[in-house]
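Step one of this worksheet: look at the structure below.
Keep in mind it's a predicted model, so treat the numbers as computed, not measured.
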Amino acid sequence: MADRDYDIVVFGATGFTGGLTAEYLARNAPADLRWALAGRSEAKLAFVRDKLAAINPAATRVGLLVADVDDAESLRVVAEATRVVITTVGPYLHYGEGLVAACATAGTDYVDLCGEPEFYHRMYLRYHALAERTGARLVHACGFDSIPADLGAYYTVRQLPSDQPITVESYLRISGTPSGGTLASALNAFSRGRQNFQVARDRRRAEPELVGRRVHAPLGRPGHNADQDAWVVPLPVLDPQIVAASAAASDKYGPDFTYQQFLALRQLTSLVGFGVGVAGLLGAAQIPPLRNWISDRVKPGEGPSAAKRAKSWFRMRFVGRGGETTVVTEVAGGDPGYDESAKMLAESALCLAFDELPKTAGQVTTATAMGDALITRLSAAGITFTTLSTKA
């Protein structure tokens with residue numbers, strides 16, 4: 001792909017998270033990066049470029065590509081013009097497939113912020129085989145969904161014996177505001193329970209069967225965890241499925257691998273409140289007028305102020321056990337919904353564009369496609385990967 005015009009194109013740069021991603025690149029990308037912004041309005045793209053030029057005068061050279069999710073030809077042009085596409089245009093189930101198709105066809109690497117299980121599985125069924133043939137790496141969930149979980153589990157597993165069964169549990173503590181895109185994706189997923197179940201089953205049937213190894217990602221049980229000094233509740237998110245895909249792709253995760261993920265809360269009342277909130281959101285998602293009313297409160301493309309984001313943080317602690325060894329690790333960072341997601345997404349694209357990586361193709365995870373190289377990048381960018389204790 002050396003003859004392509006750009007190394008990276010940011011699709012959706014006029015939106016809130018897309019704009020943060022573009023700003024991160026303007027501040028941190030190498031000087032010789034060839035990149036462009038893509039979206040529906042050239043005037044809005046030019047406005048974003050002007051803002052980037054105020055951050056870094058070199059951004060005046062950033063290209064502008066007019067493209068629309070409903071115009072397959074415009075998406076083909078974008079995919080064929082670059083080595084890597086970043087897209088923040090969600091909910092992906094509504095707006096994402098055309099760009100995945102274009103990248104899979106063109107052999108172009110692709111990263112997104114998808115946390116939507118149905119979209120993730122549908123794209124595997126429709127484009128994994130094509131991307132394998134063209135050499136495209138389709139890497140979904142390159143933000144807070146699901147990099148801390150995926151790379152955190154990978155980082156933990158590396159410190160355990162690979163010839164023994166391995167269990168990893170993660171416990172998330174978080175303070176922040178969910179993005180409008182995350183809320184819209186959650187409402188959409190909750191309203192499509194049957195479709196989610198069906199496509200997940202179809203994917204399991206389509207995937208090659210593991211031989212001599214097993215991978216599990218069961219839903220845990222809520223309750224009090226004395227070791228974490230917290231009330232814990234399993235999280236109904238995409239992360240465990242991403243971690244399971246990474247484990248299935250590598251025997252470093254042992255012959256029998258189990259992963260479970262929990263939200264950790266200090267107070268029982270917080271646990272009850274979380275359960276009531278999820279139940280309410282699940283119920284509201286079944287009623288279109290109510291679902292639309294909630295969606296209108298925090299729309300995709302909107303987000304909190306920089307001052308509010310500066311007070312947000314996350315810590316994800318991992319407890320890994322293999323044979324006689326127990327290791328406790330932690331992945332931590334700042335604002336998960338916006339700033340750190342933009343950072344993770346941008347660094348994932350830079351990693352695919354410039355780093356020496358394992359040879360992979362098709363729909364792959366961050367751990368499978370980038371692993372150590374991405375951990376190195378994110379660590380340098382301020383997201384910490386720490387080993388807290390090891391017992392053998």
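Side-chain atoms of Y127 and E97 include a donor-acceptor pair closer than 3.5 Å. Inspection of the Q241 and H121 side chains reveals an N or O donor paired with an N or O acceptor under 3.5 Å. At a cut-off of 3.5 Å, with distance as the only test, a side-chain donor of T108 or R4 sits close to an acceptor on the other residue. Y154 and T365 share no side-chain donor-acceptor pair at under 3.5 Å.
Distance alone, capped at 3.5 Å, is enough to place a donor-acceptor pair between the S250 side chain and the K252 backbone. Distance alone, capped at 3.5 Å, places no donor-acceptor pair between the Y24 side chain and the E347 backbone. Using modelled atom types, one side-chain atom of R34 and one backbone atom of D5 make a donor-acceptor pair closer than 3.5 Å. A donor-acceptor contact shorter than 3.5 Å is absent between the side chain of S146 and the backbone of A141. At distances below 3.5 Å, not a single donor-acceptor pair connects side-chain atoms of T368 with backbone N or O atoms of V364. Listed for the E324 side chain is no donor-acceptor partner under 3.5 Å among the backbone atoms of A392. A donor-acceptor pair under 3.5 Å links the side-chain atoms of R49 to the main chain of V62, judged by distance alone. Side chain of D150 to backbone of A367: a donor-acceptor contact under 3.5 angstrom is found. Under the 3.5 Å distance criterion, the side-chain polar atoms of T82 are left unmatched by any main-chain donor or acceptor of A79. Judged by distance alone, the side chain of R137 and the main-chain N or O of G107 form no donor-acceptor pair under 3.5 Å.
Taking the side chain as every heavy atom from C-beta outward, D202 and L125 approach each other to under 4.5 Å. Between D256 and H216 there is a side-chain heavy-atom pair separated by less than 4.5 Å. Proximity of L25 to L52: side-chain heavy atoms (C-beta onward) are nowhere separated by under 4.5 Å. Counting only heavy atoms from C-beta outward, the side chains of L388 and T329 never approach each other to under 4.5 Å.
Scanning all heavy atoms of the two residues, the minimum distance from G362 to A131 falls at CA-CB, 3.6 Å. In terms of heavy atoms, L172 sits closest to L263 at O-CD1, 3.3 Å. Between F144 and S341 the shortest heavy-atom distance is N-OG, 3.0 Å. Of all heavy-atom pairs spanning Q164 and G322, the tightest one is CB-C, 4.3 Å. Between M344 and L378, the closest heavy-atom pair is CA-CD2, 3.9 Å. The shortest non-hydrogen separation linking P148 to F318 is O-CZ, 3.3 Å.
Interatomic distance, I242 CD1 to T366 OG1, rounded to the nearest 0.5 Å: 7.5 Å. The CG atom of L130 lies 10.0 Å from the CD atom of E132; values are rounded to the nearest 0.5 Å. In this structure, H94 NE2 and F119 CZ are separated by 11.5 Å, a value rounded to the nearest 0.5 Å. For the atom pair CG of N196 and CD of E118, the computed distance is 5.0 Å after rounding to the nearest 0.5 Å. In this structure, the separation between CZ on R321 and OG1 on T156 is 11.5 Å, given to the nearest 0.5 Å. With rounding to the nearest 0.5 angstrom, the CD atom of E356 is 10.5 Å from the SG atom of C351.
The same ILVMFWY cluster, assembled from side-chain heavy atoms under 4.5 Å apart, contains both Y6 and V89. One hydrophobic cluster, built from ILVMFWY side chains closer than 4.5 Å, cannot hold both L75 and V66; they sit in different ones. Under a hydrophobic-cluster definition in which Ile, Leu, Val, Met, Phe, Trp and Tyr are linked whenever side-chain heavy atoms come within less than 4.5 Å, directly or via other members, V139 and I383 are assigned to the same cluster. Note on Y120: it does not cluster hydrophobically with L113, by side-chain heavy-atom contacts below 4.5 Å among ILVMFWY residues. Under a hydrophobic-cluster definition in which Ile, Leu, Val, Met, Phe, Trp and Tyr are linked whenever side-chain heavy atoms come within less than 4.5 Å, directly or via other members, I147 and Y171 are assigned to different clusters.
Other residues, nucleotides and ligands place more than 12 heavy atoms under 6.0 Å from the CZ atom of R201. In the displayed structure, F354 atom CZ is contacted under 6.0 Å by more than 12 heavy atoms of other residues, nucleotides or ligands. The 12-atom threshold is not exceeded at CZ of R40, counting heavy atoms of other residues, nucleotides or ligands nearer than 6.0 Å. Counting non-hydrogen atoms of neighbouring residues, nucleotides and ligands closer than 6.0 angstrom, the CZ atom of R266 reaches no more than 12 such neighbours.
Under 4.0 Å is where a charged nitrogen must lie from a carboxylate oxygen, and between R317 and E169 no such pair does. Under a 4.0 Å N-O distance rule, the pair D335/K308 does not qualify as a salt bridge. We find that D355 and R377 are joined by a salt bridge, their nearest charged nitrogen and carboxylate oxygen being less than 4.0 Å apart. Using a 4.0 Å cut-off between charged side-chain N and carboxylate O, E23 and R27 make a salt bridge.
Under the salt bridge (Lys or Arg N to Asp or Glu O under 4.0 Å) criterion, E42 pairs with no residue at all, not counting sequence neighbours.
Checking each of Q363, H128, Q198 against R203 for a side chain to side chain donor-acceptor pair (under 3.5 Å) leaves exactly one that passes, namely Q363.
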**Test log, rule side-chain hydrogen bond (donor to acceptor under 3.5 Å, both in side chains), inputs S312 and Y338** = CA-CA 10 Å; S312 301; Y338 299 94; over 6 Å; no
**Request:** Evaluate the side-chain hydrogen bond (donor to acceptor under 3.5 Å, both in side chains) criterion for residues T17 and T88: first the C-alpha distance (whole Å), next the side-chain angles of each, then the deciding distance (0.1 Å), finally the verdict.
**Result:** CA-CA 7 Å; T17 307; T88 61; over 6 Å; no
**Request:** Dump the intermediate steps for side-chain hydrogen bond (donor to acceptor under 3.5 Å, both in side chains) on T376 and S379, then the final yes or no.
**Result:** CA-CA 5 Å; T376 298; S379 298; over 6 Å; no
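Ring planes of Y259 and F257: parallel class, angle under 30° (limits at 30 and 60°).
In this structure, H140 has its ring center closer than 6.0 angstrom to the ring center of Y110.
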